[in-house]
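These notes are about the structure you will find just below.
This is a predicted model, so every value here is computed, not measured. Starting from 1, each residue takes its place in the sequence as its number.
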Amino acid sequence: MTYITDVTQSQSTRETMGICQVLLEDAVIKPLDRKTEFVDFQTTPSFVYFFPSGVTPLDAIDEDDLQSLLDDLIRHGSDALLRMTLRKPPNLRSNDEIDFIYSELMHIKALAHLSTTIKRQLAGCILLESHNVGGTVLFNQGDEGTSWFIILKGSVNVVIYGKGIVCSLHEGDDFGKLALVNDAPRAASIILREPCHLLRVDKDDFNRILKDVEANTVRLKELGMDVLILEKIQQPFSKEQRGDKNAKSYRYSVMAGTAEKVLEYILDSRLDEANQHLQDTLLEDYLLTYIFFISTELLCQNLLMYYNSRARPSAGGEAAKNRMLLNRRHVVAFVMCWYEIDAEIMFQKAGVREFLKTLSDSVYADSSQYDLKTEVNTMESLTQACDGYYEEMAAAKLTVSSDSSKSEDLGRPIRPSDETIVKVFSGTVDPTYTAVRVSAETRAEVILKLATKKQPSSESGFVLVEIKSNGEYKLFKDEEMSVESNISVNGRLFCCTKDQLAHLNPLPEQQGPNEPSGKILETISSRELAYHSTMYDWSLFRNVHEVSCVLS
């Protein structure tokens, strides 16, 4: 082993062990004591190896091809080391070996959709099964399912009685899972096409780790390939559900796939009466979080594409017409659910008004061919609500009141178009303030210009700054927006020069009350105080955007 390390200039003991394992599997080197069972190089370093008869260490490696040979050895060493580690019984594997197996499982296609926790559990129990002869029958159709297999190297044929070979599976593919999930006989026979190395998970380990995962996995396939994999996860019971034995609530984790494929699955499976019994929040969760994965413009485009999609060529006549009718109804139902979750947020999205108009026109035009009377009325209501919202926004002069009990916009987040009055104090010895009306999206440099116009001064180089009650200050950059909402509870805005900044002091009103608050609290009951505190907390909660709640 020392000789191998010196010749190959291995970077680590693990790399050297992998090279030795390649040489051992190819019979280039052999254990001196053939009666002793070989385990691995790390646990039996006293083993001595010899080269086959007629070959000496000096001429075993051709100097001309040394570099290419070493490259091949190092490249195959990791695979050989994995095979060597997998041959060890699970109870004899060290933590380092389990970590090594886990790192290799991360690259196997059949396990890509599984969580890292599941893969780590598999690393502790997965086994290697090797077959050196092609044509070997691994199991027959009708046999009891005892293991799940993944092809590490090689290929196999899938054979069904009466049909012959239906397909071939190659490196990274898996088979044998269905019989374990359904506790049923094998649905096909597996015959090796060539010598194979297979990863094997036995039934007990599969049931312990994977059966629930596979039973709660949703797969959307196209041309035989998985294009979407969702894992269904049961949520904790709410207080209302705890007394109901049949109550179940689920959420979904996207293991593989795109936002477009999730949308397609939702439109296919969540928007007709036949699936109303499903107790999950997949549709609502998608509508609240889609903006992180797909733009609103692209979402609207995909909805229109689905609406206008035609049935598969294999579906003809009445079946095709029914499929296209369902497509149209599902899109309208999706849009209605979007509206019900939060109409204001929906209408504020760029392009939604045009999308609703286009969809409404399409539904009305198709109502002559399909039974879409309900959908026509729904779209008319939605377009009218959207138009009414924009008319209200154009006509209303919305302000944010400092008195939360009187605010007419208490129950919604701040919008870019909301207007407010901002007080900006001068940086003079006896400060006065200027009130300017601006929207939430107004930049700090605009507020500064408006304030300096109303405070004539021969000086230049003004800055917009917040002075806090403890005397600290915070400068606003020109591009910052929503300045009013970024001021601390007891902070005040000042417009001053950089020279004046060092001499600014908090206003007297920022110093707090001159009299102790104990006298005021004595006149308020604890119940009334608790009520006002609770209402204030609720007002803060109602002004948090739904997406912020999801992320937190």
Side-chain angles (χ1 to χ4, degrees), residues 348 350 393-410 412-517 520 536-537 539-545 547-548 551-552:
Q348 288 172 20
M393 289 292 296
K397 296 292 184 179
L398 297 176
T399 60
V400 179
S401 171
S402 59
D403 184 354
S404 62
S405 64
K406 296 179 181 178
S407 175
E408 61 187 19
D409 298 313
L410 183 64
R412 63 165 180 79
I414 297 173
R415 296 178 295 208
S417 58
D418 286 348
E419 292 185 344
T420 184
I421 302 296
V422 178
K423 288 182 179 181
V424 184
F425 291 84
S426 63
T428 58
V429 178
D430 185 16
T432 58
Y433 72 83
T434 300
V436 294
R437 180 186 289 272
V438 293
S439 63
E441 61 186 350
T442 303
R443 289 154 54 96
E445 63 175 343
V446 176
I447 296 176
L448 185 61
K449 288 179 181 178
L450 293 173
T452 53
K453 282 182 181 179
K454 296 185 179 183
Q455 296 179 8
S457 173
S458 58
E459 299 182 11
S460 59
F462 283 91
V463 293
L464 191 65
V465 61
E466 175 198 358
I467 300 296
K468 301 181 181 180
S469 58
N470 60 1
E472 295 180 358
Y473 66 86
K474 170 191 170 184
L475 287 170
F476 284 94
K477 298 179 181 179
D478 290 345
E479 64 273 13
E480 287 191 65
M481 295 186 290
S482 194
V483 172
E484 176 73 7
S485 63
N486 286 322
I487 300 174
S488 58
V489 175
N490 207 21
R492 297 293 184 271
L493 275 180
F494 282 80
C495 168
C496 63
T497 64
K498 291 185 177 179
D499 293 335
Q500 294 173 332
L501 187 58
H503 306 288
L504 283 180
N505 294 312
L507 299 174
E509 64 189 60
Q510 294 179 259
Q511 302 300 324
N514 296 323
E515 297 181 2
S517 57
I520 301 174
Y536 178 72
D537 288 342
S539 69
L540 293 177
F541 176 75
R542 284 194 294 266
N543 282 278
V544 175
H545 196 287
V547 173
S548 298
L551 292 178
S552 60

Would you name the heavy atoms of [X] and [Y] that are closest together and state the gap between them?
X: His503; Y: Asp499; result: CD2-O, 3.4 Å
X: Val436; Y: Ala451; result: CG1-N, 4.5 Å
X: Ala444; Y: Lys477; result: CB-O, 3.2 Å
X: Gly427; Y: Cys496; result: CA-CB, 3.9 Å
X: Leu493; Y: Phe476; result: CD2-CE1, 3.5 Å

Could you check whether any side-chain heavy atom of [X] comes within less than 4.5 Å of a side-chain heavy atom of [Y], counting everything from C-beta outward?
X: Glu484; Y: Val438; result: no
X: Leu464; Y: Leu475; result: no
X: Val483; Y: Val422; result: no
X: Leu501; Y: Leu504; result: yes
X: Phe494; Y: Val424; result: no
X: Val463; Y: Lys498; result: yes

With Lys474 as reference, evaluate Val465, Ile467, Ile487, Asn486 under the side chain to side chain contact (heavy atoms under 4.5 Å, CB included) test and give the passing residue.
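Exactly one option meets the side chain to side chain contact (heavy atoms under 4.5 Å, CB included) with Lys474, and it is Asn486.
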
For Ser488 and Glu466, test the side chains for any donor-to-acceptor distance below 3.5 angstrom and give the result as yes or no.
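Indeed, the side chains of Ser488 and Glu466 share at least one donor-acceptor pair under 3.5 Å.
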
For the pair Arg443 and Glu479, find out whether any cationic side-chain nitrogen is under 4.0 Å from an anionic carboxylate oxygen.
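Salt bridge flag = no for Glu479 with Arg443.
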
Answer yes when Glu509 and Arg492 have at least one side-chain N-carboxylate O distance shorter than 4.0 Å, and no when they do not.
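Looking at Arg492 together with Glu509, the answer is yes, because their closest N to O distance falls below 4.0 Å.
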
Interatomic spacing from NZ in Lys449 to OG1 in Thr442 - rounded to 0.5 Å:
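Taking NZ in Lys449 and OG1 in Thr442, the distance rounds to 12.5 Å.
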
At what distance, to the nearest 0.5 angstrom, does CG of Leu507 lie from CZ of Phe425?
5.0 Å

Donor-acceptor contact present, side-chain Asn490 to main-chain Ser469, <3.5 Å:
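Checking the backbone N and O of Ser469 against the side chain of Asn490, no donor-acceptor pair under 3.5 Å is found.
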
